[in-house]
Amino acid sequence: MKIEKNAKNVIFQKWNSQFPELSSFSKSKLFKLLGPLVGGIEFFDLKKTVEYRPYVAWYPIWKSTLKECLNQPLVLYEIRNKKGLQFDIPYNVGDTVLNEAIDATRQQMFLSLEGDVKVNEIFSLIDRQFSKTLIKSSPIGQAYLLEGKLLIALYLNDQKSIQMTMNEIKEKSDLWMSGLFEWKNGRTDIWIEKLKGIVLNREQFLSQVYSNRQDKSLLSLKSSEILI
């Protein structure tokens with residue numbers, strides 16, 4: 001089914017007006033920079049309909065290129081209505097449903113979009129992902145989240161959080177079935193040593209983050225920092 005011409009733009013502008021802390025990053029993303037992360041609200045069209053769903057999304061910006069960073073979010077979850085169901089929002093819907101979705105999104109960001117945020121708030125947001133069914137059964141998914149926490153702590157040079165996360169990595173990795181992890185990341189001990197190497201080369205890590213932050217597609221975004 002075809003979406004009425006300009007309908008997407010009109011809806012996108014309505015969302016943007018309600019979240020002035022975010023900026024247009026693409027036709028489906030309202031983002032901001034947050035330390036070594038970029039994200040905010042992302043919209044996904046539903047197939048064979050004229051509906052869409054809002055998600056909260058945060059991507060890392062420490063990979064080798066920004067394109068690679070945007071291939072996989074660190075945090076991604078759907079916004080749900082009062083009944084606990086995902087929003088399926090028609091592009092031609094009235095303001096009542098749209099405002100309900102906007103209010104629900106604001107409540108379910110779990111982070112303030114205004115100003116800086118504390119690292120424990122970011123960690124809490126990431127930890128919420130561990131309750132997802134797919135993450136519970138996926139050592140690969142768990143490893144990705146743990147690595148994210150470690151590298152956020154490294155960005156801050158937060159030695160306490162670095163050590164706590166390394167301990168968490170060791171505890172959780174001891175419970176993983178090797179076959180479900182090694183097909184992608186190799187042996188867990190080698191993976192952990194690789195992470196330790198990144199920690200020891202913090203300046204190189206920071207250099208990559210700052211390089212990605214200078215990408216022209218990010219320069220116009222509003223930005224905040226993560227604080228210890």
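Owing to the predicted nature of the structure, the values given are computational and were not obtained by experimental measurement.
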- Item | Side-chain donor/acceptor of Ser124 to backbone N/O of Asn120, under 3.5 Å | no
- Value rounded to 0.5 Å, distance of NZ in Lys118 from CD1 in Ile226: 12.0 Å
- Do any pairs count as a side-chain hydrogen bond (donor to acceptor under 3.5 Å, both in side chains) and have a residue in residues 218-228, sequence neighbours left out, and if so which ones? Lys32-Ser224, Tyr155-Glu225
- Task: For the pair Asn185 (side chain) and Ile140 (backbone), establish whether a donor and an acceptor sit closer than 3.5 Å, ignoring hydrogens and angles.
- Result: no
- Between Asn157 and Gln159: side-chain donor-acceptor atoms closer than 3.5 Å: yes
- Any donor-acceptor pair under 3.5 Å from Glu168 side chain to Leu146 backbone: no
- Does any donor atom in the side chain of Tyr144 or Gln129 lie under 3.5 Å from an acceptor atom in the other side chain? no
- Does the cation-pi check pass for Arg128 over Tyr77, that is, NZ or CZ under 6.0 Å from the six-membered ring centre and within 45° of its axis? no
- Hydrophobic clusters join Ile, Leu, Val, Met, Phe, Trp and Tyr when side-chain heavy atoms are under 4.5 Å apart, directly or via other members; which others share one with Leu180? Met177
- Task: Return yes if a side-chain donor-acceptor contact under 3.5 Å exists between Gln163 and Asn167, otherwise no.
- Result: yes
- In the hydrophobic clustering (ILVMFWY, side-chain contacts below 4.5 Å, transitive), which residues join Leu227, or is it alone? none
- Message: Run Arg53 and Ile89 through side chain to side chain contact (heavy atoms under 4.5 Å, CB included) and show every step you take.
- Response: CA-CA 6 Å; Arg53 287 177 177 168; Ile89 311 172; over 6 Å; no
- Determine whether Val56 and Leu76 fall in the same hydrophobic cluster, where Ile, Leu, Val, Met, Phe, Trp and Tyr are linked whenever their side-chain heavy atoms lie under 4.5 Å apart. no
- Message: Counting neighbours of NZ on Lys132 that are heavy atoms of other residues, nucleotides or ligands and sit closer than 6.0 Å, is the number greater than 12?
- Response: yes
- Message: A quick test of your reading: do over 12 heavy atoms of other residues, nucleotides or ligands sit less than 6.0 Å from CE of Met164?
- Response: no
- Task: Give the other cluster members for Leu219, using side-chain heavy-atom distances under 4.5 Å between Ile, Leu, Val, Met, Phe, Trp and Tyr residues; answer none if it is isolated.
- Result: none
- Does a side-chain heavy-atom distance below 4.5 Å link Thr105 with Phe87? no
- State which residues pass ring-ring contact (aromatic ring centres under 6.0 Å, His included) with Trp191; sequence neighbours excluded, sorted by chain then number. Trp176, Phe181
- Query: Does atom CG of Leu134 have more than 12 heavy-atom neighbours, drawn from other residues, nucleotides or ligands, at distances under 6.0 Å?
  - Reply: no
- Roughly how far, to the nearest 0.5 Å, is the CH2 atom of Trp62 from the CD atom of Gln208? 12.0 Å
- Validation row: Ile41, Ile79 side chains within 4.5 angstrom (heavy atoms): no
Compile the donor-acceptor pairs under 3.5 Å between side chains in residues 10-23 and protein atoms, sequence neighbours left out, one pair per line.
from  : atom 1 : to    : atom 2 : distance (Å)
Lys14 : NZ     : Asp95 : OD1    : 3.3
Trp15 : NE1    : Tyr52 : OH     : 3.0
Ser17 : OG     : Lys14 : O      : 2.7

- Item | Any donor-acceptor pair under 3.5 Å from Arg202 side chain to Leu154 backbone | yes
- Salt bridge flag under 4.0 Å for residues Arg187 and Glu182: no
- Query: For the hydrophobic clusters of this structure (ILVMFWY residues joined by side-chain heavy atoms under 4.5 Å, transitively), does one cluster hold both Ile152 and Phe205?
  - Reply: yes
